[in-house]
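Notes follow the structure.
These figures come from a predicted structure and were not determined experimentally.
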Amino acid sequence: MKVLKWLNRYIEEFLLIAILCSIVIVMLYQIIRRYIFNSSLSWSEEFCRYAFIWFIFIALPYSIRLGTELRMDAVISALPEKVNHSLKLTLSVASLIFTLFLFSQSVDTVYEAVIAKEVSTGLHLPKQYIYMSMPTGFGLSIVRYTQMILKQVQHQKHKHEKEAYS
């Protein structure tokens, strides 16, 4: 149970730090090889590009968990409190539905890459490993949006109960 709580709290942060560190290490190694030993790596740029793609797709659920994903807060905040909460819940549900759609499409993309047996040029890595960033990011986003919706519903329920006893 503690492991699940830790994963729920830190999985994106752990992955983002690991990816960013790997990009920095590979780029530093490439710079040292190029400018000190006059020899460069053929795969470092491709590795960093693909790692950055993974970084972006892992950053999406992280931003959802922190509540910093893109949205029109200025408009929502200007509305009355009751409308504000209802609109936030509606937008969260719409975002969840859209993310479910993106998840299903990304799974299809990975499946097509498996069938095509595409391989990257520099790393000679099967492309499905690169494309797996999409269902991973969207899958974690589904979990985060579900958690957000549950919190919003619980908050509304708690608020209504509090108003009923007042």
Side-chain angles (χ1 to χ4, degrees), residues 1-73 76 88-153:
M1 193 62 152
K2 282 186 178 185
V3 173
L4 289 176
K5 281 184 179 182
W6 185 89
L7 282 174
N8 182 46
R9 174 73 177 100
Y10 296 111
I11 186 70
E12 293 98 346
E13 290 174 8
F14 174 77
L15 292 172
L16 290 171
I17 290 168
I19 292 168
L20 193 58
C21 286
S22 69
I23 291 172
V24 169
I25 290 168
V26 168
M27 287 309 295
L28 182 62
Y29 182 59
Q30 168 68 350
I31 290 168
I32 290 170
R33 284 194 51 141
R34 179 178 291 161
Y35 292 107
I36 295 177
F37 299 109
N38 250 356
S39 172
S40 64
L41 302 168
S42 62
W43 53 268
S44 64
E45 183 183 339
E46 189 174 276
F47 171 83
C48 291
R49 183 180 324 121
Y50 294 148
F52 188 67
I53 290 168
W54 270 91
F55 186 88
I56 290 167
F57 280 105
I58 299 300
L60 175 64
Y62 182 62
S63 69
I64 294 166
R65 183 173 67 80
L66 295 179
T68 58
E69 77 276 19
L70 292 175
R71 58 185 168 197
M72 300 284 289
D73 278 344
I76 295 171
K88 281 184 179 178
L89 182 60
T90 303
L91 291 174
S92 295
V93 170
S95 296
L96 174 63
I97 291 168
F98 185 63
T99 305
L100 284 164
F101 170 75
L102 291 174
F103 177 78
S104 70
Q105 295 299 307
S106 66
V107 169
D108 291 342
T109 302
V110 172
Y111 179 71
E112 289 171 12
V114 169
I115 290 173
K117 297 181 180 174
E118 294 179 75
V119 177
S120 69
T121 46
L123 292 169
H124 306 291
L125 183 70
K127 290 248 180 133
Q128 66 256 23
Y129 296 126
I130 301 153
Y131 295 149
M132 276 301 295
S133 63
M134 293 183 297
T136 303
F138 292 134
L140 285 170
S141 296
I142 290 167
V143 170
R144 295 304 183 192
Y145 274 126
T146 303
Q147 290 173 334
M148 178 190 292
I149 291 167
L150 291 173
K151 280 182 186 175
Q152 289 171 339
V153 169

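Under a cut-off of 6.0 angstrom, the local environment of CD in E45 is sparse, with at most 12 non-hydrogen atoms contributed by other residues, nucleotides or ligands.
Remark: L60 CG to S133 OG distance equals 11.0 Å, nearest 0.5 Å. A distance of 6.0 Å separates CD1 in I58 from OG1 in T136, rounded to the nearest 0.5 Å. Here CD of Q30 is found 5.0 Å from OG of S40. Values are rounded to the nearest 0.5 Å. With rounding to the nearest 0.5 angstrom, the CE atom of M148 is 9.5 Å from the NZ atom of K88. Distance check: I53 CD1 to Y131 OH gives 8.5 Å after rounding to the nearest 0.5 Å. Between R49 atom CZ and S120 atom OG the span is 9.5 Å, to the nearest 0.5 Å.
Under the 3.5 Å distance criterion, with hydrogens and angles disregarded, a donor-acceptor pair is assigned to the side chains of S39 and R33.
Here the closest heavy-atom approach between residue V110 and residue M132 is recorded as CG1-SD, 3.7 Å. Heavy atoms only, all atoms of each residue included: L123 and F47 are closest at CD1-CA, 3.8 Å. Between A51 and I19 the shortest heavy-atom distance is O-CG2, 3.2 Å. Nearest heavy atoms, P61 versus R144: O-CG, 3.5 Å. The shortest non-hydrogen separation linking L20 to F55 is CB-CE1, 4.2 Å. Closest non-hydrogen pair, I64 versus Y145, comes out as CD1-CE1, 3.3 Å.
The closest donor-acceptor contact from the side chain of E118 to the backbone of P126 lies at 3.5 Å or more, if one exists at all. The backbone N or O of G122 sits less than 3.5 Å from a side-chain atom of E46, completing a donor-acceptor pair. A donor-acceptor pair under 3.5 Å is absent between the side-chain atoms of S92 and the main chain of I149, judged by distance alone.
Using a 4.0 Å cut-off between a side-chain N of Lys or Arg and a carboxylate O of Asp or Glu, E13 and R65 qualify as a salt bridge.
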Fill in: Worked check of ring-ring contact (aromatic ring centres under 6.0 Å, His included) between Y129 and Y50
CA-CA 10 Å; Y129 296 126; Y50 294 148; over 10 Å; no
Practice prompt. Go through the steps for L125 and V119 under the test side-chain contact (heavy atoms from CB on, under 4.5 Å), then give the verdict.
Written response: CA-CA 5 Å; L125 183 70; V119 177; 5.8 Å; no
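L100 is listed as a side-chain neighbour of I142, based on a closest heavy-atom distance under 4.5 Å.
Each of V107, L102, L140 was evaluated against P135; a single residue qualifies, V107, per the side-chain contact (heavy atoms from CB on, under 4.5 Å) test.
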